[in-house]
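These notes concern the structure reproduced below.
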Amino acid sequence: MRSKLTKAIFPVAGLGTRFLPATKSVPKEIMTLVDRPLVQYAIDEARAAGIKEFIFVTSRGKGALEDYFDEAPQLERELRKKGKDELLEILKSTNMDSGEIAYTRQNKALGLGHAVWCARRLIGNEPFAVILPDDVIAAEKPCLQQMAEAFRETGGNMVAAMEVPEDKASAYGMLDIKEDHGHMVSTKGMVEKPAPGEQPSNLAVIGRYILTPTVLQKLNKKKTGAGGEIQLTDAIDAARDSGEEVYGFRFDGQRFDCGSKAGFLQATVAFALERAELRDELWDYIYDLVHTAKAAE
Ligand code: UTP
């Protein structure tokens, strides 16, 4: 019988240089979209997909991220005293049970593949998910849940895939497609950050994966790839080379690259417009802004 998918790795050990100086002291993953840190969106998505064990790969300076998941008794007491029940419920919903969450360290930022490898002993011999919290996906059914449902049918390795414009392909891992079945594509290769014009398709890998333990074995080799980093896509492709299937999954939803400033700002506006208490005021502001700019043209 196929093993159930119950573990997810959250690699959050990157330096976050694109958000300096903020990331000098604030981990990128607890920066907020409206009022929820990026990592909360990632946890909620994982839970919806049936994940029970949450494994964080952290690094120096990420203490605030660990504290975020702890209970906050003093704060809870104050809210209870003031009768702020709604806020109290929101606060409690962010607590993680003891033992549900595990932290391991990547002591040197050697790349995403290396970060995932750092969690190998906590994974053992079963399939696992990887979620990059800085890829935020707005979707009716959370992206990892869509993938987990497809994975129950296919097994193998699965990566979230999305069409990107030609001039953006060299920023992504790109899929070489064997057969295209719409939502699902089978692949015959993957290239991390191809040189301009050398991408095998326009289908890019983004930050959601369901992987087999074979990928961890391939990462044991610690082979460096594009940018001198140990790349996760190279290890997935090596697993395919040794006979495993690698599927691309075209998810339903909109992905925001919250690792970049422009993507983060777009996500902030999109998520704020979804909130009833903010929508009208923000919309009026954007409307005025656009009209003033148009009038000045
Ligand atoms: P990024 O490429 O966005 O790098 O990593 P970064 O360090 O977070 O940000 P910039 O580019 O300096 O602004 C993609 C994901 O992989 C993790 C990051 O934390 C992020 O979730 N990562 C990357 C690691 O955990 N370890 C690494 O060595 C590299």
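One-based numbering, in listed order, for ligands and for the atoms of each. Note that these values count all heavy atoms, side chains included, but never hydrogens, waters or copies made by symmetry. Numbering starts at 1 and runs along the sequence shown.
- Donor-acceptor pairing under 3.5 Å is lacking for the side chains of E229 and H114.
- At a heavy-atom cutoff of 4.0 Å, ligand 1 is surrounded by P11, V12, A13, G14, L15, G16, T17, R18, K28, E29, Q106, A109, L110, G111, L112, A115, D134.
- Ring centroids of Y41 and F271 are separated by less than 6.0 Å, placing the two rings close together.
- In the model, Q40 has a side-chain atom that pairs as donor or acceptor with a side-chain atom of Y68 under 3.5 Å.
- Ring-plane geometry between F56 and F69 is classed as tilted, the angle between the planes lying from 30 to 60 degrees on a 0 to 90 degree scale.
- Side-chain atoms of E244 and T212 form a donor-acceptor pair, as typed in the model, at a separation below 3.5 Å.
- Between F19 and F264, a ring centre-to-centre spacing shorter than 6.0 Å is recorded.
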